[in-house]
**Student:** 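Questions regarding the structure given below will be posed in turn.
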2 protein chains.
Amino acid sequence: MPYLLRTVPDPEPLDCRILTAALELFVDRGYHNVSVHDIQKRAGVSIGSIYNHFGGKEGVARALYDHLLMELDELIDIVEQEVGGLRAQCNAMIRRLFGFTETHRYMIAFVFDAKHTEFLSESVPINRTRPFVRLLGKITAAIKAGELKPIAPVVAYTLIFGSCVRLVNLRLDGLIDDPLMAYFDELTDTVWAGLATAD
Amino acid sequence: MPYLLRTVPDPEPLDCRILTAALELFVDRGYHNVSVHDIQKRAGVSIGSIYNHFGGKEGVARALYDHLLMELDELIDIVEQEVGGLRAQCNAMIRRLFGFTETHRYMIAFVFDAKHTEFLSESVPINRTRPFVRLLGKITAAIKAGELKPIAPVVAYTLIFGSCVRLVNLRLDGLIDDPLMAYFDELTDTVWAGLATAD
DNA sequence: GTCTATATCCAGATAGAC
DNA sequence: GTCTATCTGGATATAGAC
């Protein structure tokens with residue numbers, strides 16, 4: 001077929017189509033309310049292909065999960081190269097998280113809004129995965145270094161990220177109408193005001 | 001039978017047995033990984049009874065959900081009668097939440113750790129339910145009254161309760177070894193330090 | 001109201017042609 | 001590798017005895 005007649009863009013690779021279809025369905029309906037047939041229909045592929053590529057529904061979910069956690073981990077790398085100091089790095093993470101909540105809604109919802117242990121057999125709680133353990137580690141180090149008030153690291157961790165993840169949840173659930181960036185300064189200023197060292 | 005020979009205590013009413021059995025199973029395995037047969041076996045009743053009392057699995061979950069939300073709402077009543085001022089009231093709520101996390105693990109987990117919209121048809125997100133809307137309302141009023149720094153109420157809401165709910169999640173997931181009360185002072189002091197009015 | 005036995009349905013998974 | 005057609009298990013739900 002002549003090149004100029006090819007009005008249709010190159011189709012996405014089959015496994016990508018499966019993953020995006022599954023991601024949207026899992027987030028919209030919840031993992032257990034989605035069947036392999038649903039994924040197959042939405043992705044426009046056959047059941048056989050899904051089993052060939054991923055071994056089944058759980059395999060699709062696991063591929064998504066691993067991939068997204070890896071991307072989150074790489075995000076920490078990027079932020080670490082960009083700026084220094086815990087406060088600046090955390091703020092940069094939060095800024096990106098808020099941004100992605102608007103632009104990559106499904107990915108954020110799948111990572112931060114799902115109970116993975118309920119559908120991924122032998123998966124650890126998300127707070128034990130690499131990126132989250134890493135963040136907690138950075139906070140622990142910063143407290144040791146006197147960058148933060150000397151409190152239990154896990155308390156600082158939940159203050160910084162627990163509150164902003166909750167904002168993300170509220171936004172994804174439609175309880176907040178404005179893009180989250182509208183709240184960025186208020187949130188971070190207030191958090192860090194509380195966490196600042198006394199002197 | 002002579003009274004003194006009745007070593008066995010009066011059996012719990014049948015519907016209570018069903019509810020407690022279901023609660024534990026839902027929390028331990030997740031709603032969708034529990035069958036009506038599982039509940040029936042653990043409660044020591046027949047399938048028929050479950051359908052008679054609750055109309056099915058979803059009915060059991062809804063009864064649990066409604067009941068626990070009502071109790072949470074009553075808890076706010078109690079706290080309001082006990083103390084005055086937003087800070088004292090919120091702290092009292094958090095103190096009780098932390099206490100219940102140790103003593104009523106399953107109830108807390110079912111309310112704060114489950115995605116109810118995935119198994120209760122036409123249920124609103126938990127943050128739209130009465131107790132949570134009420135808390136947000138109290139924060140809004142306190143900001144208007146100058147009790148808190150003038151920031152968006154939803155930001156104050158997530159700072160106060162988002163962080164402490166995240167601590168509860170971490171505790172329930174086994175990522176925190178100590179009872180949460182160990183962190184109460186650090187958490188609340190830090191939060192309110194950030195939220196205090198400037199003057 | 002409570003129980004057992006049974007019916008019905010649908011999801012996950014596979015077989016085998018192409 | 002991709003597809004369609006099919007199998008099988010297990011879940012919800014019901015029927016009907018007690």
Side-chain angles (χ1 to χ4, degrees), chain A residues 1 8-66 110 114-123, chain B residues 8-65 110 114-123:
Chain A
M1 175 162 41
V8 189
D10 275 0
E12 251 188 318
L14 190 141
D15 53 347
C16 274
R17 289 220 310 279
I18 295 172
L19 287 174
T20 34
L23 175 65
E24 290 172 13
L25 287 168
F26 289 162
V27 169
D28 285 339
R29 299 190 204 160
Y31 176 85
H32 285 101
N33 299 315
V34 174
S35 73
V36 183
H37 286 272
D38 294 329
I39 300 171
Q40 168 250 316
K41 268 177 245 161
R42 155 105 47 144
V45 301
S46 70
I47 282 224
S49 296
I50 293 179
Y51 280 90
N52 266 327
H53 280 264
F54 301 103
K57 191 168 79 154
E58 189 180 327
V60 177
R62 168 155 280 124
L64 277 172
Y65 185 65
D66 292 344
F110 188 76
K115 291 222 67 189
H116 312 99
T117 45
E118 283 187 10
F119 54 88
L120 297 180
S121 57
E122 64 189 76
S123 80
Chain B
V8 189
D10 276 0
E12 253 189 319
L14 189 141
D15 53 347
C16 273
R17 289 221 309 279
I18 295 172
L19 288 174
T20 34
L23 175 65
E24 291 172 13
L25 287 168
F26 289 161
V27 168
D28 284 339
R29 300 190 204 159
Y31 176 84
H32 284 101
N33 298 315
V34 174
S35 75
V36 183
H37 286 273
D38 294 330
I39 301 171
Q40 169 249 317
K41 267 176 247 161
R42 153 106 47 145
V45 300
S46 70
I47 280 226
S49 296
I50 293 179
Y51 280 91
N52 267 327
H53 280 265
F54 301 102
K57 189 168 80 157
E58 189 180 327
V60 176
R62 167 155 282 123
L64 276 172
Y65 186 65
F110 188 76
K115 291 222 68 191
H116 312 100
T117 46
E118 282 186 10
F119 54 86
L120 297 180
S121 57
E122 63 189 79
S123 80

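Keep in mind that the numbers below use all heavy atoms, side chains included, and drop hydrogens, waters and symmetry copies. Predicted model, so just to flag it, every value in this text is computed and none were measured. Chain letters run A, B, ... following the sequence lines, proteins first, then strands; residues in each count from 1.
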**Student:** Could you tell me if B:Ser121 and B:Glu58 have a donor-acceptor pair between their side chains, going purely by distance under 3.5 Å?
**Tutor:** yes

**Student:** Using atom CD1 of A:Ile39 as one end and atom P of C:dG12 as the other, report the distance to the nearest whole Å.
**Tutor:** 8 Å

**Student:** Please test A:Tyr31 against B:His32 for ring-ring contact (aromatic ring centres under 6.0 Å, His included), starting from the C-alpha separation and ending with a verdict.
**Tutor:** CA-CA 10 Å; A:Tyr31 176 85; B:His32 284 101; 9.2 Å; no

**Student:** How many whole angstroms separate atom NZ of B:Lys41 from atom P of C:dT4?
**Tutor:** 13 Å

**Student:** Does a side-chain N or O of A:His53 approach OP1 or OP2 of D:dT2 to a distance below 4.0 Å, or not?
**Tutor:** yes

**Student:** Among A:Val36, A:Val60, A:Leu64, exactly one meets side-chain contact (heavy atoms from CB on, under 4.5 Å) together with A:Phe54. Which residue is that?
**Tutor:** A:Val60

**Student:** Ignoring hydrogens and angles, tell me if any N or O in the side chain of B:Thr20 forms a donor-acceptor pair with the backbone of B:Cys16 under 3.5 Å.
**Tutor:** yes

**Student:** Nearest whole angstrom, please: distance from the P of D:dT2 to the CG of A:Asp15.
**Tutor:** 9 Å

**Student:** Check salt bridge (charged side-chain N to carboxylate O under 4.0 Å, His left out) between B:Glu118 and all other residues, then give those that pass, not counting sequence neighbours.
**Tutor:** none

**Student:** Nearest-Å distance, CG (A:Leu25) to C1' (C:dG12)?
**Tutor:** 16 Å

**Student:** At under 4.0 Å between heavy atoms, how does the protein contact nucleotides 3-18 of chain D? Give one character per nucleotide, 5' to 3', with B, S or -.
**Tutor:** BB------SBBB----

**Student:** Find the distance B:His32:NE2 to C:dC10:P and express it as a whole number of Å.
**Tutor:** 15 Å

**Student:** Taking only residues two or more places apart in sequence or in another chain, which ones pass side-chain contact (heavy atoms from CB on, under 4.5 Å) with A:Ser35?
**Tutor:** A:His37, A:Asp38

